[in-house]
Amino acid sequence: MSAAAFETSFGQFAKLCTEDYLVRHSNKGLYNRALKDIGKGTDVKYAWGASSVSCELNDGTICILENTLTNWKCTCPSESLCKHVLIAILFYAQQLPSSSSSSSSAHEEGELEGSKQQPDGTAERFNWLLAAELSPLIKPFNVSLVEEVLFRLRYPEELEVTQNALLTVCLKLQGAEVSFTEEANPAKALCKIKERAGELLKLEALLRYRASKGLDDLEALRGKVYKVAFSPDTVRECKELLTAMLRTGLARLPQSYMAQLETLAVTARSGQLPDVERGLRGIQGELELFFNRHVRFSMIELLDRVTKLYLALELLERETLPAAQKEQLIGTFRSKYYELPKLRLYGLGAEPWETRSGFRGITYYMYGLDDGQMYTYSDARAVYYEGNDFSFAKHYASYSPWLASLTMRQFAGEELVFEHIKVNEERRLSSGEGANLTLVARRSINELNVGRLASDLPALRRVGAGEPALFSDAKERLVLIKLARIIGNRFDKSSQSLLLEVEDETGEQLELILPYQADWEKTVKRLEAGYGAASLEQFYAFVRIEGGQAYPISFLHNTKLISLKLDM
């Protein structure tokens, strides 16, 4: 362009150089020093070129500027944006009103008024944020950042967007701002928060802004996140072992098959197939019950485990299966946790458990007061190695990892506020450092709106078990049922379970099943004798629904909570 055309373009650029814009590119102190020097009489002479302007300050410093802050030069030794560049821009911006002729002042004033609504070229300058192809925009960010932002997008965030010299996206819940420049590179956006946290905010602001404009980037993000790598040979060996078991049949299956399952489970771990390892150990646990002629052995459960694992192995062999679905079939050894700024939770109780694949632990259940979702924290150990043990009573009485004065028994029945807590995709809480926990006065369960978690007995019977699916997370069905009273109990010797008979206010009845295990023998005897819970009236039962049966975890009455297997 000609020198005159560039001078016009530079003038438009200078108008857009607001205090916020220049401070974000430098800092507040440098901006104030530039204004102070101009006030003391610093003068600038401009020599216009076709694509740049040479600015000579009266102290002899020379700056070469374009109509953007992306490229600039200065004869001073500073490697970052210096006060001389700011002086050159601010001095020229201050001269602009005086250069307007009186005959055109009204016209210029009208243009300026219009620029308040939409600065010159603003819409075009930030069109790159809404580019149809997302891949070039997220290329500067590593996979872990993309993965974490993909998780954060599940949670709502209020945006406030302003456009002038910069396009600024304010993430109000997090109290953070990200300002994008005209350069089509989100990694070079301006953010006061530095290092990884700042990079995370830049990417999140970009994606939330695009989503607010109706763009769906989820598939493109998943394509960058999911990178599948596993051992095909291990998949083939697992299929062959399962096929051999089905051909042999349980009646003729040798006990040496247990050792083969153990060996293959270890192989699956080294072959980067965590869910295959879990599946093999689950089958191993079922077969152990079968060989021991245990009353809890279930042929249906064994067939379900074998069928699901075999289908998963069959699908993993298919090259046409999308990477995201393969990732779901493979699973992860350790869940990745991501930080949330704030999380309000209401304790619903704790439950001890032992899996057939050789793990023991206690799971604590909490209701999310802001999003209506179920959150958990699990303290678990693998006990299939010799010498490993897990005492439910000891771990339940231990202190919490977030607050030294709070025991896990107290934690199970409190109302909590976490700040900067890390949560994984299954909404499990991390015990890692950095989270702040505050206890607030626990409200009565009757005061809470528990949304979809609440259920009455007729609705409980109407809802089916749901369709099985390989590519969706297996979710526990947990409900809160309002009950009037416990009307009786009996011990079923055939199933080795205590059956609690309860009814609601309408007289509708339900059986709550508490399976017997040596660790909670005392609990079963106390419930049989009517200790603690028998006198409860107008209370809530927090239960798990499996196979059309209800298994109680805890009873809640006003602000009190009883975790049945741990508190009785």
Note to self: Set out, in order, the CA-CA distance, both residues' side-chain angles and the distance that settles side-chain contact (heavy atoms from CB on, under 4.5 Å) for Ser554 and Ile562, then state yes or no.
What the structure shows: CA-CA 5 Å; Ser554 61; Ile562 301 173; 5.9 Å; no
Checklist line | Evaluation steps, side-chain contact (heavy atoms from CB on, under 4.5 Å), between Thr363 and Trp353 | finding: CA-CA 8 Å; Thr363 295; Trp353 47 264; 2.7 Å; yes
Next item on the list: Take Val161 and Cys170, measure what side-chain contact (heavy atoms from CB on, under 4.5 Å) needs, and give me the verdict at the end.
Entry: CA-CA 6 Å; Val161 180; Cys170 176; over 6 Å; no
Check: Under the side-chain hydrogen bond (donor to acceptor under 3.5 Å, both in side chains) criterion, do Thr559 and Ser444 qualify, and how do the steps go?
Finding: CA-CA 4 Å; Thr559 61; Ser444 169; over 6 Å; no
Next item on the list: Start with the C-alpha gap between Phe297 and Leu302, add the side-chain angles, then the distance that decides, and say whether side-chain contact (heavy atoms from CB on, under 4.5 Å) holds.
Entry: CA-CA 8 Å; Phe297 170 72; Leu302 176 61; 4.1 Å; yes
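Cation-pi geometry between Arg442 and Tyr346 is met: under 6.0 angstrom from the ring centre, within 45 degrees of the axis. Relative to the ring axis of Phe151, Arg154 does not place its NZ or CZ within 45° and under 6.0 Å from the centre.
Counting only residues at least two apart or in different chains, side chain to side chain donor-acceptor pair (under 3.5 Å) contacts with residues 502-515 comprise Arg461-Glu508, Arg485-Glu503, Arg490-Glu511, Asp504-Thr506.
Listed for the Ser391 side chain is a donor-acceptor partner under 3.5 Å among the backbone atoms of Lys394. Side chain of Tyr257 to main chain of Leu241: a donor-acceptor pair is present (N/O by atom type, distance under 3.5 Å, no hydrogens or angles). Of the possible donor and acceptor atoms, one in the side chain of Asn424 sits under 3.5 Å from a partner among the backbone N and O of Arg428. Side-chain atoms of Gln496 come within 3.5 Å of backbone atoms of Lys493 as a donor-acceptor pair (strictly under, hydrogens ignored). The main-chain N or O of Asp304 is never found under 3.5 Å from a side-chain atom of Thr307 such that the two would form a donor-acceptor pair. Side-chain atoms of Arg305 never come within 3.5 Å of backbone atoms of Ile283 as a donor-acceptor pair (strictly under, hydrogens ignored). The main-chain N or O of Val450 is found under 3.5 Å from a side-chain atom of Tyr367 such that the two form a donor-acceptor pair. Checking side-chain atoms of Asn292 against main-chain N and O of His294 turns up no donor-acceptor pair under 3.5 Å.
Between Thr438 and Leu403, the closest side-chain pair of non-hydrogen atoms is not below 4.5 Å. Inter-residue side-chain proximity for Arg427 and Thr376 is flagged as unmet; no heavy-atom pair is nearer than 4.5 Å. Looking at Glu158 and Leu173, their side chains never come closer than 4.5 Å, going by heavy atoms from C-beta outward. The side-chain heavy atoms of Phe392 and Arg360, taken from C-beta on, include a pair separated by under 4.5 Å. When side chains are defined from C-beta on, Lys172 counts as touching Glu160, because their heavy atoms get closer than 4.5 Å. Residues Val543 and Val479 meet the side-chain proximity criterion, which asks for heavy atoms closer than 4.5 Å. Contact annotation: the side chain of Tyr551 never approaches that of Leu514 to less than 4.5 Å [non-hydrogen atoms, C-beta and beyond]. Side chains of Leu134 and Arg210 form a contact here, defined as non-hydrogen atoms less than 4.5 Å apart.
Remark: Ile138 CD1 to Leu206 CG distance equals 9.0 Å, nearest 0.5 Å. Rounding to the nearest 0.5 Å places CZ of Arg409 at 5.5 Å from OH of Tyr396. The CG atom of Asp379 sits 6.5 Å away from atom OG of Ser398, with the distance rounded to the nearest 0.5 Å. Annotation: the span from Gln549 atom CD to Ser497 atom OG amounts to 9.5 Å, rounded to 0.5 Å. Distance CG/Leu264 to OG1/Thr267: 5.5 Å, rounded to 0.5 Å. With values rounded to the nearest 0.5 angstrom, Asp216 atom CG is found 11.0 Å from Leu207 atom CG.
The pair Lys565-Asp567 does not count as a salt bridge, with every side-chain nitrogen at least 4.0 angstrom from each carboxylate oxygen. Under the 4.0 Å criterion applied to side-chain N and carboxylate O atoms, Glu177 and Lys192 are not assigned as salt-bridge partners. A salt bridge is absent between Glu419 and Lys342; no separation between the charged side-chain nitrogens and carboxylate oxygens falls under 4.0 Å. A salt bridge does not link Glu204 with Lys202: none of the charged nitrogens is closer than 4.0 Å to a carboxylate oxygen. Here Glu339 does not pair with Lys422 in a salt bridge; the nearest charged N to carboxylate O distance is not below 4.0 Å. Taking a cutoff of 4.0 Å between a charged side-chain nitrogen and a carboxylate oxygen, Arg269 and Glu277 qualify as a salt bridge. Ion pairing between a basic and an acidic side chain is recognised when a charged N comes within 4.0 Å of a carboxylate O; Glu157 and Arg152 show no such pairing. Between Glu148 and Arg196 there is a salt bridge, since a side-chain N of the basic residue sits under 4.0 Å from a carboxylate O of the acidic one. A salt bridge does not link Glu447 with Arg443: every distance from a Lys NZ or Arg NE/NH1/NH2 to an Asp or Glu carboxylate oxygen is 4.0 Å or more.
Aromatic ring centroids of Phe539 and Phe555 lie under 6.0 Å apart. Between Trp402 and Tyr377, the gap from one ring centroid to the other is short of 6.0 Å. Taking the centre of each ring, Tyr365 and Phe542 come in below the 6.0 Å mark.
Other residues, nucleotides and ligands contribute only 12 or fewer heavy atoms inside 6.0 Å of the OH atom of Tyr399. Counting non-hydrogen atoms of neighbouring residues, nucleotides and ligands closer than 6.0 angstrom, the CG atom of Asn449 reaches no more than 12 such neighbours.
Between Gly413 and Leu561, the closest heavy-atom pair is CA-CD1, 4.4 Å. In this structure, Ile553 and Ala350 approach most closely via the heavy-atom pair CG2-O, 3.9 Å. Shortest non-hydrogen contact noted between Met366 and Gly347 is CG-CA, 4.1 Å. For Ala268 against Leu280, the heavy-atom pair with the smallest separation is CB-CD1, 4.4 Å. Scanning all heavy atoms of the two residues, the minimum distance from Ile421 to Ser430 falls at CD1-O, 3.6 Å. Contact detail for Pro552 and Ile513: the closest heavy-atom pair is CD-O, 3.1 Å.
Annotation: side-chain contact (heavy atoms from CB on, under 4.5 Å) contacts of Lys194 (sequence neighbours excluded): none.
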